[in-house]
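Computation of the quantities below employed the complete heavy-atom set of this structure, encompassing side-chain atoms and omitting hydrogens, waters and symmetry-equivalent molecules.
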Amino acid sequence: MQASVGDQLLVHGRTVGHEDKVAKIVEVLGSEGNPPYRVRFDDGHEALVSPGPDSVVRHKGPTE
């Protein structure tokens with residue numbers, strides 16, 4: 001998994017009733033775009049994340 005600052009991290013809910021979570025990647029701490037990532041959720045909460053198989057990176061477009 002590789003990401004850049006500004007990409008989104010989508011973490012799928014793993015159980016019934018838990019929604020997917022989307023966070024913006026604000027810092028890439030691994031080399032060459034690899035995890036861990038510092039992410040910011042819509043509510044302003046920041047976390048250090050090493051994504052698992054339930055996560056997907058949505059790369060930002062060229063105009064974003």
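Taking CD of Glu27 as the reference point, atom CG of Leu48 lies at 8.5 Å (rounded to 0.5 Å).
In this structure the side chain of Arg40 never reaches within 4.5 angstrom of the side chain of His45, judged on heavy atoms. Within the 4.5 Å cutoff, side-chain heavy atoms of Val56 are placed close to those of His12. Looking only at side-chain heavy atoms (C-beta outward), Leu29 and Asn34 stay at 4.5 Å or farther from each other.
Remark: the backbone N or O of Val5 is not paired with any side-chain donor or acceptor of Lys24 at under 3.5 angstrom. Side-chain atoms of Asp7 never come within 3.5 Å of backbone atoms of Val57 as a donor-acceptor pair (strictly under, hydrogens ignored). For the pair Glu46 (side chain) and Arg38 (backbone), a donor-acceptor distance under 3.5 Å is absent.
Both Val28 and Met1 are members of a single hydrophobic cluster when ILVMFWY side chains are connected at heavy-atom separations under 4.5 Å. When the side chains of ILVMFWY residues are joined at heavy-atom separations under 4.5 Å, either directly or via intervening members, Leu9 and Phe41 end up in a single hydrophobic cluster.
Annotation for Ala3 and Tyr37: closest pair N-OH, 3.5 Å, computed over non-hydrogen atoms. When every heavy atom of Ser50 is checked against every heavy atom of Pro36, the shortest pair comes out as OG-CB, 3.6 Å. Summarising the geometry of Val39 relative to Ile25, their closest heavy-atom pair is CG1-CG1, 4.0 Å, with the distance given to 0.1 Å.
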Given Val11 and Asp54, is the side chain to side chain contact (heavy atoms under 4.5 Å, CB included) satisfied, shown in steps? CA-CA 6 Å; Val11 182; Asp54 59 343; 4.0 Å; yes
